[in-house]
Amino acid sequence: MAVNEAERRAMTRALELATLGPRGVNPQVGAVILSPDGDVLAEGWHRGAGTPHAEVDALSKLAPGAAAGATAVVTLEPCNHTGRTGPCAVALIEAGVARVVYALDDPGAVSGGGAERLRAAGVSVDSGEQADAAHRIIDGWLTAQRLGRPHVTVKWAQSLDGRAAASDGSSQWITGAEARADVHRRRAGADAIVVGTGTLLADDPSLTARDGDDLYPTQPIPVVIGSRPVPADAAIRRHPHTPLAYDTHDLHAVLADLQARGVQSVFVEGGPTLASAFVAAGLADRVLAYVAPVLLGGDRLALTDIGVASIGEARRLTVDEWLPLGADLLAIARPAVGGEPTPHGRRTAHGPDISHEGAR
């Protein structure tokens, strides 16, 4: 059964509701209950670990029997396990819901399988509606479920000829104000922001997420990787969160410790050496490359050695979006499935030893 217009609108609303919930060990999920005629009966979202899941939250706002024959539109497949709360698939079945439309499959070995349980009970199920948008909201949680580590975004700013700085090391500013504002918005959406000690000592970044002169309500935890100590007067010591320092080059160990601390999304701004290390280790789940229409020349490359010796070893990407930002262009990309990129991405009009632009 095809998804209809009322269900599409309901999914758009469910995605908005999902963002109201906190980032944490559980995913952000939104739900909308529709009558058989397509009218909204109730809305809900997940408010954190131990609280009712989005579907149950929405159902709780209805009188007994009011959901009979209804459609539940949910951003994530209804769960199929009992934890602090019961299975959402069972709650929907018991409420008499006739149809479920969801965006993403639940990858959990324990929590997944809700769709099969619903179908076995005679409930019509459709999946995949606005899956990309749903994925962007909970990509950190999904990565943690699939790979057992935080989701990693590697960001850099570069000239058109691939340089992160001029020959003298200066890099402020390669990109313009719109691109820098976009970086800060994306920082605010991450749990942690990571730099190397080279960038820390060269740039003395604050690693805060700022809206002009004001701090965003949510701030990433500042993380420094490298053997050199963080100076006592470093700007990050005035960060709202206590900085974390790792005297190691083992990125897997760093990510494991961050996950143990509840971090699900990491924003890497550590300069060419650290960015290259994450890419070389296969730990870059998303790449944000801000490209400015300037030429710098020289040897200050945005990426250094990433373990590619021949064209056959190239790390191919799928570009999901080309985003103009003033005179600059942002490429949002991810590792290509099977090593081959898709033909092109979507273009929209809305808009640790090398110092590098952006880690401020």
Side-chain angles (χ1 to χ4, degrees), residues 150 152-158 164-166 168-175 177 179-279 281 283-284 288 290 300-304 352-360:
V152 176
T153 295
V154 177
K155 168 263 176 184
W156 66 79
Q158 66 172 65
D168 64 357
S170 60
S171 60
Q172 297 178 358
W173 297 102
I174 291 176
T175 56
R180 297 197 297 274
D182 184 79
V183 170
H184 281 275
R185 286 192 294 270
R186 295 178 189 276
R187 283 185 184 182
D191 295 329
I193 181 170
V194 180
V195 297
T197 52
T199 292
L200 179 77
L201 296 174
D203 289 351
D204 191 26
S206 65
L207 300 187
T208 51
R210 301 184 297 279
D211 183 7
D213 294 329
D214 300 322
L215 295 179
Y216 276 100
T218 58
Q219 291 291 320
I221 300 168
V223 176
V224 182
I225 300 176
S227 57
R228 287 174 285 183
V230 178
D233 61 348
I236 64 168
R237 293 196 181 277
R238 299 185 291 276
H239 194 283
H241 295 297
T242 301
L244 299 175
Y246 294 91
D247 183 3
T248 180
H249 296 292
D250 187 342
L251 300 181
H252 292 276
V254 171
L255 292 177
D257 185 74
L258 290 174
Q259 184 185 23
R261 296 173 182 268
V263 170
Q264 291 194 358
S265 57
V266 169
F267 198 81
V268 177
E269 283 206 61
T273 302
L274 191 61
S276 300
F278 271 94
V279 172
L283 295 173
L288 301 178
Y290 294 82
R300 302 275 185 163
L301 295 173
L303 285 184
T304 56
D353 288 319
I354 301 175
S355 63
H356 114 307
E357 177 188 19
R360 286 260 180 258

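- Gly196 and Val224 get closest at one heavy-atom pair: C-CG1, 4.3 Å.
- Between Gln219 and Ile193, every side-chain heavy-atom pair lies at or beyond the 4.5 Å cut-off.
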Side chain to side chain contact (heavy atoms under 4.5 Å, CB included) evaluation trace for Arg180 with Thr175 = CA-CA 7 Å; Arg180 297 197 297 274; Thr175 56; 3.9 Å; yes
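- Residue Arg210 comes nearest to Leu215 through the heavy atom pair CG-CD2, 3.8 Å, listed as atom of the first residue, atom of the second, then distance.
- Scanning both residues, Trp156 and Ala302, for their nearest heavy atoms gives CD1-CB, 3.7 Å.
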inquiry  = Quick one, Asp257 with Arg261, criterion salt bridge (Lys or Arg N to Asp or Glu O under 4.0 Å). Give me CA distance, side-chain angles, the key distance, then yes/no.
reply    = CA-CA 6 Å; Asp257 185 74; Arg261 296 173 182 268; 2.7 Å; yes
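- Taking the side chain as every heavy atom from C-beta outward, Val223 and Val266 never approach each other to under 4.5 Å.
- Side-chain contact between Leu207 and Phe267 is absent, with no heavy-atom pair separated by less than 4.5 Å.
- Side-chain atoms of Arg237 come within 3.5 Å of backbone N or O of Val230 as a donor-acceptor pair.
- Listed for the Arg187 side chain is a donor-acceptor partner under 3.5 Å among the backbone atoms of Thr208.
- For Asp191 (side chain) and Gln264 (main-chain N/O), a donor-acceptor pair under 3.5 Å exists by modelled atom type.
- Applying the side chain to side chain contact (heavy atoms under 4.5 Å, CB included) test between Ile225 and each of Thr197, Val268, Leu251, Val195 identifies Leu251 as the sole match.
- Side chain of His249 to main chain of Ser227: no donor-acceptor pair is present (N/O by atom type, distance under 3.5 Å, no hydrogens or angles).
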request  = Please assess Val152 against Val194 for the test side chain to side chain contact (heavy atoms under 4.5 Å, CB included), listing each intermediate value before the final yes or no.
outcome  = CA-CA 10 Å; Val152 176; Val194 180; over 6 Å; no
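- Here the side chain of His184 pairs no donor or acceptor atom with the backbone of Asp211 at under 3.5 angstrom.
- A donor-acceptor contact shorter than 3.5 Å is absent between the side chain of Ser276 and the backbone of Leu303.
- The heavy-atom pair separating Gly189 from Ser265 by the smallest distance is O-OG, 3.9 Å.
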task = Evaluate side chain to side chain contact (heavy atoms under 4.5 Å, CB included) for Thr153 paired with Arg186, printing each intermediate quantity in order.
result = CA-CA 10 Å; Thr153 295; Arg186 295 178 189 276; over 6 Å; no
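- With hydrogens and angles ignored, the 3.5 Å screen pairs no side-chain donor or acceptor of Arg238 with any backbone N or O of Ser206.
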request  = Could you walk me through whether Thr199 and Leu274 pass the side chain to side chain contact (heavy atoms under 4.5 Å, CB included) test, one step at a time?
outcome  = CA-CA 9 Å; Thr199 292; Leu274 191 61; over 6 Å; no
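- At distances below 3.5 Å, at least one donor-acceptor pair connects side-chain atoms of Thr218 with backbone N or O atoms of Ala188.
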